[in-house]
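Here is the naming used below: chain letters follow the sequence lines, and residue numbers restart at 1 for every chain. Just the heavy atoms: all of them, side chains too, but no hydrogens, waters or symmetry mates, feed the values below.
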2 protein chains.
Amino acid sequence: MEQGRVATGDRGGRPAITSAHELAAVAQRLFVAHGFDETSVEDIATAAGISRRTFFRYFSVKADVCFADSPTELVRLQQALSAADPHESYRLVIVRAVVAALRFPPGEREWAWQRAQLVLEVPVLQAHATRIYAQWRKAAAEFARGRRPDDDVFPVVVGHAVLAGTLAAHEYWITHPASGLDDALVRMLDLLLPPEPPAP
Amino acid sequence: MEQGRVATGDRGGRPAITSAHELAAVAQRLFVAHGFDETSVEDIATAAGISRRTFFRYFSVKADVCFADSPTELVRLQQALSAADPHESYRLVIVRAVVAALRFPPGEREWAWQRAQLVLEVPVLQAHATRIYAQWRKAAAEFARGRRPDDDVFPVVVGHAVLAGTLAAHEYWITHPASGLDDALVRMLDLLLPPEPPAP
DNA sequence: CCATTTCTGACACACGGTGCCATAACCTGA
DNA sequence: TCAGGTTATGGCACCGTGTGTCAGAAATGG
């Protein structure tokens, strides 16, 4: 894993020649134009003006370049879940948290849609996304456990329901580009989240 | 993908020196003993008395060796779904189909449990499983589309609900080995499958 | 015995990913 | 201006996965 930390501390030392965000942009353009599998890391590195070895210091796995924003989204989800009013319906809290976590600036809509299409349709990316999915499931499951500490089924189900709803919404969004991701998230989660279990 | 067809037709030609089932058994033993990543294809091939190249004629990807039974399970799911009474509750049909698809002989319980643990806990296998998951989602979605042809949300949701329920059940089974997979499947699917939508 | 069919193993190769090390580029203090 | 510390970079060697190719082994039927 190694994962050299590039551009983390900005005191002293040689300045980074590029950035993770820049690399992600270059790579996504190449993926959309020529396909993920047809684009080698060497191609990305060359297009970005760096070496193959350096690419792996920014992203330890080729597919990671498509998930540059995922850590931020996860943090937003976790914060929205833990900051929620404990007396509010758990379903409402989750829906709001997911929508907030996945919100993006209006100008990045096309960009986000392209990325979603890549992740949902390229097998390698679909596979790699399981890492992120596991984190989302865990976050949702921990929130659910906090609501019903004595129920060992509830957290598992909520974790999978959140993931299923999020994926279903993206899938709908990809096939209905004119619709809004937010609306799809609300609809799908409403259908998939189980009803609030009886109070403990 | 290539995927040379070994042991498909048994008339004429040199007989296969081993079988996919045999290879799967050898590989799973090695994976459980030493770990998936720590076991190279060379190791499996040597243990099975074949060459590395020949291994990839039985399984085009190393991880595939853990999903040798998946095609059979998928067929059982599809058959159970398409053979169902059109007037019966869609939820009941799905629950019965999933349980029937994943049923295994009593003697293979330990074997199946080990395999489930590998698939759920080894990142590479978890990632590779998305291929199988996509097939299950598709099968469930097509069934749902047959029930409500004018609803373009229902199939997506049902596909993801079936997958989420199946995964949640396996996750519960892994953490509660004494329980039965069938019971977990019934519980999880019951919580995750959305209610039957109004008749068209 | 020959032709056909199918499986097998050996070789070469591309690509992803990693460890190692020398070096470039910045900053600070003398 | 120079020395020393810090961080990013690039080149190299290396391993494992996966694939194309091809010669040859082992069965069948005529």
Ring centroids only, cut at 6.0 angstrom: are B/F143 and B/F154 within range, meaning strictly under it? no
Distance only, no hydrogens: is a donor on one side chain within 3.5 Å (strictly under) of an acceptor on the other, for A/D43 and A/H34? no
A/I17, nearest nucleotide to its side chain (from D/dT9, C/dT8, D/dT17): D/dT9
Should we say atom CZ of B/R187 is surrounded by more than 12 heavy atoms from elsewhere, each under 6.0 Å from it? no
Separation of D/dT19 atom P from B/K62 atom NZ, nearest Å, is 15 Å
Please report, rounded to the nearest Å, how far the C1' atom of D/dG24 is from the CZ atom of B/R53. 16 Å
Would you tabulate the nitrogen or oxygen pairs shorter than 3.5 Å linking the protein to nucleotides 22-25 of chain C?
unit_1	atom_1	unit_2	atom_2	d
C/dA24	N3	A/R14	NH1	3.3

salt_bridge(B/R147, B/E88) N-O dist < 4.0 Å: no
Which of these nucleotides, D/dT9, D/dT19, C/dG16, is closest to any side-chain atom of B/S60? D/dT19
Taken to the nearest whole Å, CZ/A/R57 to C1'/C/dG19 is 10 Å
I want to confirm an ordering. Mapping A/G49 and B/V41 to their closest nucleotides on DNA chain D, which one lands closer to the 5' end? A/G49
Options C/dG9, C/dG16, D/dT9, nucleotide nearest the side-chain atoms of A/A16: D/dT9
Once you round it to whole Å, what is the distance between P of D/dC15 and CZ of B/R52? 13 Å
Please check the phosphate of D/dG16 (OP1 and OP2 only) for any side-chain N or O of B/S40 closer than 4.0 Å. no
Between A/D182 and A/R103, does at least one N-O distance fall below 4.0 Å, as a salt bridge requires? yes
Take atom CG of A/L23 and atom C1' of D/dA8, then tell me their distance rounded to the nearest Å. 13 Å
Could you state the OH-P distance from B/Y58 to D/dG18, rounded to the nearest angstrom? 18 Å
Cation-pi between A/K62 and A/F55: NZ/CZ under 6.0 Å from ring centre and within 45° of the ring axis? no
Nearest whole angstrom, please: distance from the P of C/dG17 to the NE2 of A/H128. 8 Å
Rounded distance (Å) that lies between atom C1' of C/dG17 and atom CG of B/D37: 12 Å
So does A/R148 pair up with A/E196, basic N to acidic O under 4.0 Å? yes
Is there a side-chain contact between A/T54 and the phosphate of D/dT9, meaning an N or O under 4.0 Å from OP1 or OP2? no
